[in-house]
Amino acid sequence: VATTAIVGDIVGSVGGERVEVDTLVSADADPHDHEPRPSDAVALAEADLVVRSGGDLDEWLDDLIGSAGGDAPEVTLLDTVRSRGDDPHWWQDPRNVMLATEAVRDALAAADPDGDRAYERNAAAYLRELRALDRDIERCVQRVPPEKRKLVTTHDSLGYFAERYGFEVLA
């Protein structure tokens with residue numbers, strides 16, 4: 001079980017055909033406002049592994065796990081990356097997604113030792129994609145003069161991106 005679509009993407013990419021990922025919060029929903037459904041409790045009760053984003057994005061998960069009665073190991077990806085205080089939007093820096101990918105690889109291998117080679121292979125491929133993404137973003141950003149690298153946003157979620165690529169967040 002993955003709490004958010006971003007986490008689900010990482011787990012699915014690393015797990016490949018060996019895993020079935022049940023993502024609790026869809027890509028078009030706000031995880032801050034997620035209202036757990038009975039199906040979420042069932043998924044947690046049956047899970048072999050629970051991977052959460054961390055921070056206030058999925059703090060609702062604690063109560064749900066307690067009431068669902070599941071005993072699957074849990075991984076909190078925010079605990080495996082370079083965090084910026086209490087900002088839970090760690091995936092905005094691809095280097096953090098790389099660290100999270102390694103944590104997912106290790107957690108899947110611990111939960112399913114027979115799949116460790118597949119998880120290693122899949123993680124290595126995903127890490128190559130992430131390194132390429134980071135280089136592509138860096139090349140794109142380099143075309144913007146540093147004094148013009150400003151972000152205006154209505155939700156304070158781009159701090160990791162701004163820090164990684166030299167932007168100033170204005171709002």
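Just so you know, these numbers use all the heavy atoms, side chains as well, and skip hydrogens, waters and symmetry mates.
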- Go through W91 and N96 one step at a time and tell me if the side chain to side chain contact (heavy atoms under 4.5 Å, CB included) criterion holds. CA-CA 6 Å; W91 62 88; N96 274 341; over 6 Å; no
- Task: Decide side chain to side chain contact (heavy atoms under 4.5 Å, CB included) for L57 and W90; before the verdict, give the C-alpha distance in whole Å, the side-chain angles of both, and the deciding distance to 0.1 Å.
- Result: CA-CA 11 Å; L57 287 180; W90 52 266; 5.6 Å; no
- Message: Pair T101, V97 - check side chain to side chain contact (heavy atoms under 4.5 Å, CB included), show working.
- Response: CA-CA 6 Å; T101 297; V97 182; 4.1 Å; yes
- Task: Carefully, step by step, assess D134 and R164 under the rule side chain to side chain contact (heavy atoms under 4.5 Å, CB included).
- Result: CA-CA 10 Å; D134 188 42; R164 170 68 182 107; 2.8 Å; yes
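Side-chain contact between V51 and V21: absent, with no pair of heavy atoms (C-beta onward) separated by less than 4.5 Å. Looking only at side-chain heavy atoms (C-beta outward), D58 and P31 stay at 4.5 Å or farther from each other. Looking only at side-chain heavy atoms (C-beta outward), E20 and E17 stay at 4.5 Å or farther from each other. Put simply, the side chain of R135 does not reach to within 4.5 Å of the side chain of E138, judged on heavy atoms. Residues E129 and L133 are not in side-chain contact: their nearest non-hydrogen atoms beyond the backbone lie 4.5 Å or more apart.
Taking both residues in full, the closest heavy atoms of V1 and A43 are given as CG2-O, 3.5 Å, listed atom of the first, atom of the second, then distance. Y165 and V141 get closest at one heavy-atom pair: O-CG1, 3.4 Å. Heavy-atom minimum distance, V11 versus L108: O-CD1, 4.2 Å. For the pair E59 and R52, the tightest heavy-atom approach, listed with the atom from each and the gap, is CA-NH2, 4.0 Å. Residues A103 and L77 share a closest heavy-atom pair of CB-CD2, 4.2 Å. Considering all non-hydrogen atoms of both residues, L99 and T80 come closest at CB-O, 3.5 Å.
Taking a cutoff of 4.0 Å between a charged side-chain nitrogen and a carboxylate oxygen, D93 and R84 do not qualify as a salt bridge. Checked for salt-bridge contact, R18 and D112 meet the test: a charged N lies under 4.0 Å from a carboxylate O.
I65 and L78 are not part of a single hydrophobic cluster, where members link through side-chain heavy atoms under 4.5 Å apart. There is no path of hydrophobic side-chain contacts, each under 4.5 Å, that joins V144 to V169. Using a 4.5 Å cut-off between side-chain heavy atoms of Ile, Leu, Val, Met, Phe, Trp and Tyr, with links allowed through other members, L64 and V7 fall into different hydrophobic clusters. There is a path of hydrophobic side-chain contacts, each under 4.5 Å, that joins V50 to V25. I6 is not connected to L24 by any chain of hydrophobic side-chain contacts under 4.5 Å among Ile, Leu, Val, Met, Phe, Trp and Tyr, and they are in different clusters.
Screening L49, V104, D106 for a side chain to side chain contact (heavy atoms under 4.5 Å, CB included) with V75, the sole residue that qualifies is L49.
Side-chain contact, H89 with D156: no donor N or O sits under 3.5 Å from an acceptor N or O. Side chains of T3 and W60: a donor-acceptor N/O pair is absent below 3.5 angstrom, by distance only.
Going from atom CG of L158 over to atom CG of D87 covers 9.0 Å, rounded to the nearest 0.5 Å.
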